[in-house]
Chemist: 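This is the structure I have questions about; it appears just below.
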Amino acid sequence: MSNNLKGVLWALLATALFTLTSALAKIATTEYHVLQILFFRQCFVFASALPVLIKTFPHGFKTRHPLPHALRLTGAFIALSTGIWAVALLPLTTATTLAFAKVFFVAILASLFLGETTTRTRVTGIVLGFVGVLIVIRPGFDGFASLYTLIPLAGALGAAIAVVCVRKLSQTESTATLLGYQAVFVGLMAGVPMFWLWKTPDLFGLLLLTAMALIATLGQWVGIKALRLGEASVVGSVEYISLIYAALLGLVLFSELPDTFTLIGAAVIIFSALYMMQKEHRRKAALKPT
């Protein structure tokens, strides 16, 4: 079995775990605040990262680039919190579909702030992706299909900001530093409001929040393993399988059926993203010396 195939299999598992986390979060939001759910999740992420943080302390927290770290943490916080908020208010499939807009926001921001080449392929992919998003949210004279559709788009933009900052920071910062800042400070951002928002969970709530946090943490480590084994372009394309997972979980757990506009928009978004990834892969392969 090739490393790429192993990476794809691990990525399929990671995607399933993340989608299941979203489904559990949708259940949890009926009783608990979005930030309490995020705080609970971050506590487990912090615990899983603790051995690395202890090993690298205090050097792991030294940085000469505080502003990019602040932007990255803000983006990550927005992405994580709105991701939970979105599934509370929207069908799971719709929230998952609109989160794919991250791909196009990353392409735009990378061009503006990282100096990455704006090729015809990228422009075509961004335009097609934007069309797909418009199909899902259906803006018109009567307003959006739902103003709630703006929530996952805000999360996609926050995730894109975090990704672009990580690309920049990874050139000078260690993995331990990147891991440490997110594990600690996103948890603090969600933790401070707990003085006002905390609701002590009952046994079922505790089991639900714990399961969600454990599954999310496991998903992160499985996703890292997938990227270590397979090429990023190959592994990244598996992310779109989450739409199938979301549709199945939405149907089984919440009796949700995605409407026609969501399915058409999802198809356009996935096609445009895969088109962009394939063309970029071919372009880079052509530039490599033989």
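Heavy atoms only: backbone and side chains are in, while hydrogens, waters and symmetry mates are out. What you are looking at is a predicted structure, and each value in this text was computed from that prediction instead of being measured. Position 1 is the first residue of the sequence; numbering continues from there.
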Chemist: Flag the pair Thr96 / Tyr245 as yes when at least one side-chain heavy-atom distance between them is below 4.5 Å, and no otherwise.
Modeler: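 No. Closest side-chain heavy atoms not under 4.5 Å.
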
Chemist: Indicate the atoms forming the closest heavy-atom contact of Leu153 with Ala101, along with that distance.
Modeler: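 Heavy-atom minimum between the residues: CD2-CB, 3.9 Å.
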
Chemist: Should Phe40 and Val184 be regarded as members of a common hydrophobic cluster, given that ILVMFWY residues are connected when their side-chain heavy atoms come within less than 4.5 Å of each other, either directly or indirectly?
Modeler: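 Same hydrophobic cluster.
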
Chemist: Show the nearest heavy-atom pair for residues Leu128 and Ser272, with the distance to one decimal.
Modeler: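 So the minimum-distance heavy-atom pair works out to CB-CB, 3.4 Å.
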
Chemist: May I have the step-by-step check of side-chain contact (heavy atoms from CB on, under 4.5 Å) for Phe105 and Val163, ending in yes or no?
Modeler: CA-CA 10 Å; Phe105 285 136; Val163 167; over 6 Å; no

Chemist: Assign the ring pair Phe39 / Trp198 to parallel, tilted or perpendicular, where the plane angle (0 to 90°) is split at 30° and 60°.
Modeler: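 Ring orientation, 0 to 90° scale: perpendicular.
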
Chemist: Per the side-chain contact (heavy atoms from CB on, under 4.5 Å) rule, which among Leu90, Thr82, Leu157 passes with Pro152?
Modeler: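 In the set Leu90, Thr82, Leu157, the residue that makes a side-chain contact (heavy atoms from CB on, under 4.5 Å) with Pro152 is Leu90.
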
Chemist: Quick one: does any side-chain atom of Thr19 pair with a main-chain N or O of Thr15 as donor and acceptor, under 3.5 Å?
Modeler: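 It does hold such a pair.
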
Chemist: Taking atom NZ as the centre, does Lys102 end up with more than 12 heavy-atom neighbours from other residues, nucleotides or ligands that are less than 6.0 angstrom away?
Modeler: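 No, the 6.0 Å shell around NZ holds no more than 12 heavy atoms from other groups.
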
Chemist: With side-chain contact (heavy atoms from CB on, under 4.5 Å) as the criterion, how do Phe185 and His69 come out once you've worked through the C-alpha distance, each side chain's angles and the decisive distance to 0.1 Å?
Modeler: CA-CA 10 Å; Phe185 289 102; His69 274 294; over 6 Å; no

Chemist: Do Phe46 and Leu35 land in one hydrophobic cluster if side-chain heavy atoms of ILVMFWY residues count as linked below 4.5 Å?
Modeler: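 Same cluster.
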
Chemist: Any donor-acceptor pair under 3.5 Å linking the side chain of Gln182 with the backbone of Ala76?
Modeler: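 It does not hold such a pair.
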
Chemist: Measuring from Ile215:CD1 to Phe44:CZ, what's the distance to the nearest 0.5 Å?
Modeler: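 Between atom CD1 of Ile215 and atom CZ of Phe44 there are 11.0 Å.
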
Chemist: Assigning hydrophobic clusters by single linkage (Ile, Leu, Val, Met, Phe, Trp, Tyr; side-chain heavy-atom cutoff under 4.5 Å), is Phe130 placed with Leu98?
Modeler: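 Yes, same cluster.
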
Chemist: When rounded to the nearest 0.5 angstrom, what is the spacing between CD1 in Ile84 and CD1 in Ile151?
Modeler: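 The CD1 atom of Ile84 sits 12.5 Å away from the CD1 atom of Ile151.
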
Chemist: What heavy-atom pair brings Ala162 and Gly75 nearest, and what distance separates the two atoms?
Modeler: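 Distance-wise, the nearest heavy atoms are CB-C, 4.3 Å.
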
Chemist: Less than 4.5 Å apart, any side-chain heavy atom of Leu253 and any of Lys26?
Modeler: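 With C-beta onward as the side chain, the pair stays apart.
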
Chemist: Mind listing the closest non-hydrogen atom pair of Gln36 and Leu197 along with its distance?
Modeler: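 Between these two residues, the closest heavy atoms are OE1-O, 3.7 Å.
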
Chemist: Do Asp202 and Glu31 come within less than 4.5 Å of each other through their side chains, counting heavy atoms only?
Modeler: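 The answer is no, as the side chains (C-beta and beyond) never meet within the 4.5 Å cut-off.
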
Chemist: Say you draw a straight line from CG of Leu207 to CG of Leu214; how long is it, rounded to the nearest 0.5 Å?
Modeler: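 Rounded to the nearest 0.5 Å, the CG-CG separation comes out at 10.5 Å.
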
Chemist: Does the pair Ser48 and Trp221 meet the rule for a side-chain contact (heavy atoms from CB on, under 4.5 Å), with working shown?
Modeler: CA-CA 9 Å; Ser48 70; Trp221 290 102; 3.4 Å; yes

Chemist: Which atoms form the tightest heavy-atom contact between Ala266 and Leu243, and what is the distance?
Modeler: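 For Ala266 and Leu243, the tightest heavy-atom pair comes out as CB-CD2, 3.3 Å.
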
Chemist: Hey, could you give me the CG/CG distance between Leu203 and Leu208, rounded to the nearest 0.5 Å?
Modeler: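 If we round to the nearest 0.5 Å, Leu203:CG and Leu208:CG are 11.0 Å apart.
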
Chemist: Starting at CD1 of Ile27, measure out to CG of Leu209 and round the result to the nearest 0.5 Å.
Modeler: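 The CG atom of Leu209 is 11.0 Å from CD1 of Ile27, to the nearest 0.5 Å.
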
Chemist: Is it true that Met189 and Ile37 fall in one hydrophobic cluster, defined by side-chain heavy atoms closer than 4.5 Å?
Modeler: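 Yes: a chain of side-chain contacts under 4.5 Å links Met189 to Ile37.
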
Chemist: Quick check for you: to the nearest 0.5 Å, what is the distance between Thr97 atom OG1 and Ile135 atom CD1?
Modeler: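 Interatomic distance, Thr97 OG1 to Ile135 CD1, rounded to 0.5 Å: 11.5 Å.
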
Chemist: Looking at Lys199 and Tyr32, what are the two nearest heavy atoms and their distance?
Modeler: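 Reported closest heavy-atom pair: O-CE2, 3.8 Å.
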
Chemist: Say whether, by atom type as modelled, one donor and one acceptor occur between the side chain of Tyr148 and the main chain of Trp85 under 3.5 angstrom.
Modeler: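 Judged by distance alone, no pair lies under 3.5 Å.
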
Chemist: Does Ile137 form a side-chain contact (heavy atoms from CB on, under 4.5 Å) with Phe261? I'd like the steps, not just the answer.
Modeler: CA-CA 8 Å; Ile137 65 177; Phe261 287 98; over 6 Å; no

Chemist: Quick check on the hydrophobic clustering: are Val34 and Phe254 connected, directly or via other members, by side-chain heavy-atom contacts under 4.5 Å?
Modeler: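 As far as the 4.5 Å side-chain criterion goes, Phe254 and Val34 are connected within one cluster.
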
